[in-house]
Number of protein chains: 2
Amino acid sequence: MSLAQIEYFVAVAQRGNVGRAARELRVAQPAVSRQIRRLEDELGATLFQRTPRGMVLSQAGEAFLAHARDILQRVENAREALKERDQQRSS
Amino acid sequence: MSLAQIEYFVAVAQRGNVGRAARELRVAQPAVSRQIRRLEDELGATLFQRTPRGMVLSQAGEAFLAHARDILQRVENAREALKERDQQRSS
DNA sequence: TGAGGTTACGCCTATCGTAATAATG
DNA sequence: CATTATTACGATAGGCGTAACCTCA
């Protein structure tokens with residue numbers, strides 16, 4: 001599991017569509033498709049049901065989404081914490 | 001920032017020593033040294049003071065450590081959540 | 001000079017993008 | 001047949017390990 005995979009997953013979950021998620025992430029469609037599949041393999045769970053209209057979160061996907069957002073938020077927090085420290089130091 | 005970098009960072013912080021952290025992680029010393037340095041570059045902060053006796057957390061490093069542990073814990077939580085879901089489904 | 005961290009370098013794996021290939025309503 | 005996802009494939013980048021190097025008490 002990588003942070004990129006988690007970002008890709010959240011983007012697809014939000015858009016319900018690999019193509020739009022890829023555009024948002026400024027990356028090509030297959031890159032997203034592949035990483036989602038790798039993530040599913042590693043977790044041993046199907047996160048989306050594939051339809052010709054797009055990707056729909058499975059129950060496992062729903063469960064994972066909350067955790068995924070949480071992780072990304074914490075990473076952002078960690079970055080912010082250092083940034084704020086730095087600003088204080090220079091003031 | 002990658003999950004591996006965060007793991008390496010926590011290991012070095014705990015051991016106070018790149019070499020021992022590397023052994024614990026079952027990886028060679030330079031791999032750890034490099035990733036710590038990359039992490040510092042990306043964050044724009046010095047996380048450790050280097051001494052000939054080992055690595056000592058800087059103030060920024062102390063601040064980051066709590067976040068780093070938090071992130072790894074959340075990743076573990078996410079994995080566990082799916083594992084438990086799977087067990088329930090099969091019972 | 002010994003313990004530790006870092007740099008150099010070659011290799012290997014992972015990821016990407018483009019292009020081609022399904023699948024489905 | 002149009003839309004969407006996936007697979008093939010060649011190219012690139014990132015990460016690792018070994019070996020050499022640096023630094024400081």
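Within every chain, numbering begins at 1; the chains are lettered A, B, ... in the order of the sequence lines, protein sequences first and strands thereafter.
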Compile the donor-acceptor pairs under 3.5 Å between side chains in residues 16-23 of chain B and protein atoms, sequence neighbours left out, one pair per line.
residue	atom	partner	partner atom	Å
Asn17(B)	OD1	Gly19(B)	N	2.8
Asn17(B)	OD1	Arg20(B)	N	2.9

Donor-acceptor contacts under 3.5 Å from residues 60-72 of chain A side chains, at least two apart:
residue	atom	partner	partner atom	Å
Asp70(A)	OD1	Arg74(A)	NE	3.2
Asp70(A)	OD2	Arg74(B)	NH1	3.1

Extract all donor-acceptor atom pairs below 3.5 Å that involve side chains of residues 3-11 of chain B and protein atoms in other chains or at least two apart in sequence.
residue	atom	partner	partner atom	Å
Gln5(B)	OE1	Ser2(B)	N	3.0
Gln5(B)	NE2	Gln35(B)	OE1	3.0

Distance-only donor-acceptor hits, side chain of residues 25-33 of chain A, under 3.5 Å, sequence neighbours excluded:
none

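Atom CG in Leu39(B) sits roughly 15 Å away from atom C1' in dG15(D) (whole-Å rounding). One can place CZ of Arg37(B) at 12 Å from P of dA8(C), the figure rounded to the nearest angstrom. Atom C1' of nucleotide dT7(C) and atom CD1 of Ile36(B) are separated by 17 Å, given to the nearest angstrom.
An angle of 30°, rounded to 10°, separates the two end axes of the helix from dT1(C)-dA25(D) to dG25(C)-dC1(D), each defined over five pairs.
Applying the salt bridge (Lys or Arg N to Asp or Glu O under 4.0 Å) rule to pairs touching residues 46-58 of chain B yields Glu40(B)-Arg50(B), sequence neighbours excluded. For residues 16-41 of chain B, the set of pairs meeting the ring pair (Phe, Tyr, Trp, His ring centres under 6.0 Å) definition, not counting sequence neighbours, is empty. Residue pairs meeting the ring pair (Phe, Tyr, Trp, His ring centres under 6.0 Å) criterion with at least one member in residues 10-43 of chain B: none, sequence neighbours excluded.
Take the nearest nucleotide of DNA chain C for Val32(A) and for Arg53(A): the residue whose nucleotide is more 5' is Val32(A). When each of Thr51(A) and Ala31(A) is assigned the nucleotide of DNA chain C bearing its nearest heavy atom, the one mapping closer to the 5' terminus is Ala31(A).
Looking at residues 7-15 of chain B, you'll see that no heavy atom sits under 4.0 Å from any atom of DNA chain C.
For Arg15(B), the side-chain hydrogen bond (donor to acceptor under 3.5 Å, both in side chains) partners two or more places apart in sequence, or in a different chain, are Glu24(B). Judged as a side-chain contact (heavy atoms from CB on, under 4.5 Å), and not counting sequence neighbours, the contacts of Glu76(A) are Gln73(A), Arg79(A), Glu80(A).
Without hydrogens or angle criteria, Ser58(B) side chain to Thr46(B) main chain gives a donor-acceptor distance under 3.5 Å.
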- Letter per nucleotide, 5' to 3', of nucleotides 18-25 of chain D [B base touched, S only sugar-phosphate touched, - untouched; heavy atoms, 4.0 Å]: BB----S-
